[in-house]
Protein chains: 2
Amino acid sequence: MEKRKIELSESCRKSIQGIKDTQDLLSGKWKAAIVGALFYNGKFRFMDLSRHVVGVAPKVLSKELKDLEMNHLVKRTVLDTMPITVEYELTSQGKSLHRIIEAMGEWGIKYRKSLLKK
Amino acid sequence: MEKRKIELSESCRKSIQGIKDTQDLLSGKWKAAIVGALFYNGKFRFMDLSRHVVGVAPKVLSKELKDLEMNHLVKRTVLDTMPITVEYELTSQGKSLHRIIEAMGEWGIKYRKSLLKK
DNA sequence: CAGGATCCGGTTAGATACTG
DNA sequence: CAGTATCTAACCGGATCCTG
C-alpha cells in the first residue's frame, strides 16, 4: 500500500518531467506548427515552409529550424542545385512526435469551434 | 483530383492552425506541466501544486494559473477555511487535453532515455 | 496559506533591409 | 533561393520580500 503510493507519485513525477522536457523542445510560438507542417507534408523547402506556417518571419523560422535540428527532430539537406535549395524534413525522432502533433491539431480545431458557439 | 488536392491542403492548414492555437494556450515553460500535475492528481492546493511542479516560483505559478483559468482550462475554488485555502482543478475542457498531456509525458520520458543511451 | 509588489536581466519575436 | 544583420519593444520568468 505504502509502496504502491510511492510508485504512483514517482511515475507521476516522471510524467511531469516528461511533459516539461517535451514542452521545452517545442517551446516558442512556432516550433510545434513547424513540426506539424513537416509532418503533414513530408519535405519542404525553406520558402514553402514559410508559406505554410503563416506569419513567421524568415529570421524566426531559421532560428526555430536550427533549434529543432540541434535536437535531432529535423533534418536539413542542402541540394546541389542552382541556385541552391534546402530541404527540411522530420527525422524519425521528429516523426515520433506524431501522436502529440495530431492530438494538438484536433484539440485546437475543436477548441476553436467551441469558442465560436458562444 | 484538383478538388481533392484543395481539400487536403485545406485540412492541413486547419490542423496547423489548431496546433498553433493549442500551443498558445499551453505556452510558456510551465503551463503544460501544471495541467499535467492537475491531470494526474485531480485537485491541488496552491502549495501542493508548487511542490509538484518543481522549481516554479509562486508569482509565476499564480500567473500561469490565471491564464489557464481565463481560458477555461482550470477552475479555481476558494474554500472557506481558516486560513483560507484554494483548490485548483481541471475543467472538463481542461481534462479534454488528456491525449496531448499523456502523449507529451510518454514522449518526454522516451526522449530522455534515448539521450542517456548516448 | 495564497498569493501580490517590486525589481531586473535575458530572451523572444517582429520589422526591415540586405547578401551570396 | 535561403537565409543573415540590425534594431527594438515586449514579454517571460527568476529572486526576494511582503501582506491579509
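A note on names: the letters A, B, ... follow the listed sequences, proteins ahead of strands, and every chain is numbered from 1.
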field: Side-chain donor/acceptor of B:Ser15 to backbone N/O of A:Gly105, under 3.5 Å
entry: no
message: Taking any heavy-atom pair under 4.0 Å as a contact, classify B:Glu87: base, sugar-phosphate, or nothing.
response: nothing
query: Under 4.5 Å between side-chain heavy atoms, hopping through other hydrophobics if needed: is there a path connecting A:Leu26 to A:Trp30?
result: yes
Identify each donor-acceptor pair in which a side-chain atom of residues 51-66 of chain A lies under 3.5 Å from a protein atom, sequence neighbours left out, and give them as a table.
from    : atom 1 : to      : atom 2 : distance (Å)
A:Arg51 : NH2    : A:Asp48 : OD1    : 3.0
A:Lys63 : NZ     : A:Asp67 : OD2    : 3.3
A:Glu64 : OE1    : A:Lys31 : NZ     : 3.3

Let me check something: any side-chain donor-acceptor pairs from residues 96-103 of chain B under 3.5 Å, sequence neighbours excluded? List them with distances.
from    : atom 1 : to       : atom 2 : distance (Å)
B:Ser96 : OG     : A:Trp107 : NE1    : 2.8
B:Ser96 : OG     : B:Gln93  : O      : 2.5
B:His98 : ND1    : B:Lys95  : O      : 3.2
B:Arg99 : NH1    : A:Glu106 : OE1    : 2.9

- prompt: Rounded to the nearest 0.5 Å, how far apart are OH of B:Tyr40 and OG of A:Ser9?
  reply: 13.5 Å
message: Could you work out how much the helix from C:dC1-D:dG20 to C:dG20-D:dC1 bends, comparing the axis of its first five pairs with that of its last five, to 10°?
response: 50°
- prompt: Taking side chain as C-beta onward, heavy atoms only, is B:Gln23 less than 4.5 Å from A:Lys29?
  reply: no
- line: Here the residues of residues 75-82 of chain B within 4.0 Å heavy-atom distance, strictly under, of DNA chain C are B:Arg76
- prompt: Partners of A:Leu79 by side chain to side chain contact (heavy atoms under 4.5 Å, CB included), sequence neighbours excluded?
  reply: A:Thr77, A:Thr81, A:Thr85, A:Glu87
message: What range of DNA chain C does chain B touch, first nucleotide to last, counting atoms under 4.0 Å from its heavy atoms?
response: C:dC1 to C:dC7
message: I'd like to know if the side chain of B:Thr22 reaches the main chain of B:Gly18, judged simply by a donor and an acceptor atom lying under 3.5 Å from each other, with no hydrogens or angles considered.
response: yes
message: Are B:Leu49 and B:Asn41 packed together at the side-chain level, in the sense that at least one heavy-atom pair is separated by less than 4.5 angstrom?
response: no
- prompt: What distance do A:Ser92 atom OG and A:His72 atom NE2 have between them, rounded to the nearest 0.5 Å?
  reply: 11.0 Å
message: Let me spell it out: for each of B:Val86 and A:Glu64, pick the nucleotide of DNA chain C with the closest heavy atom. Which residue's pick is nearer the 5' end?
response: B:Val86
message: With clusters defined by side-chain heavy atoms of hydrophobic residues (ILVMFWY) lying less than 4.5 Å apart, directly or transitively, does A:Val35 cluster with A:Met104?
response: yes
task: Group every Ile, Leu, Val, Met, Phe, Trp and Tyr by side-chain heavy-atom contacts under 4.5 Å, then state whether B:Phe44 and A:Ile19 land in the same group.
output: yes
field: pair B:Leu90-B:Leu73: side-chain heavy atoms closer than 4.5 Å
entry: no
query: Which sits closer to the 5' end of DNA chain D, A:Phe46 or B:Lys29, going by the nucleotide each is nearest to?
result: A:Phe46
task: Within residues 65-74 of chain A, find the residues that approach DNA chain D with a heavy atom at under 4.0 Å, and present them sorted by residue number.
output: A:Lys66
- request: Applying side chain to side chain contact (heavy atoms under 4.5 Å, CB included), name anything that partners A:Arg76, two or more places apart in sequence or on another chain.
  value: A:Glu69, A:Val78, A:Val86, A:Tyr88
Reported NZ-to-NZ distance for the pair A:Lys113 and A:Lys117, which is rounded to 0.5 angstrom: 8.5 Å
message: Between B:Met47 and B:Leu68, is there shared hydrophobic-cluster membership here, with clusters defined by ILVMFWY side-chain heavy atoms closer than 4.5 Å?
response: no
query: Between NZ of A:Lys14 and CD1 of B:Ile109, what distance do you get to the nearest 0.5 Å?
result: 6.0 Å
field: Residues from residues 15-27 of chain B lying under 4.0 Å of DNA chain C - heavy atoms
entry: none
message: Using a 4.0 Å cut-off on heavy atoms, which residues in residues 32-44 of chain A reach DNA chain D? List them by number, or say none.
response: none
Side chain to side chain contact (heavy atoms under 4.5 Å, CB included) assessment of B:Asp21 paired with B:Leu25: CA-CA 6 Å; B:Asp21 289 347; B:Leu25 292 185; 5.9 Å; no
First and last nucleotide of DNA chain D, 5' to 3', lying under 4.0 Å from heavy atoms of chain B: D:dC12 to D:dA15
task: Output the residues of residues 52-63 of chain A in contact with DNA chain C, where contact means a heavy atom of the residue under 4.0 Å from an atom of the strand; sort by number or write none.
output: A:Lys59, A:Val60, A:Lys63
- line: Rounding to 0.5 Å, atoms CG (A:Leu115) and NZ (A:Lys110) come to a distance of 14.5 Å
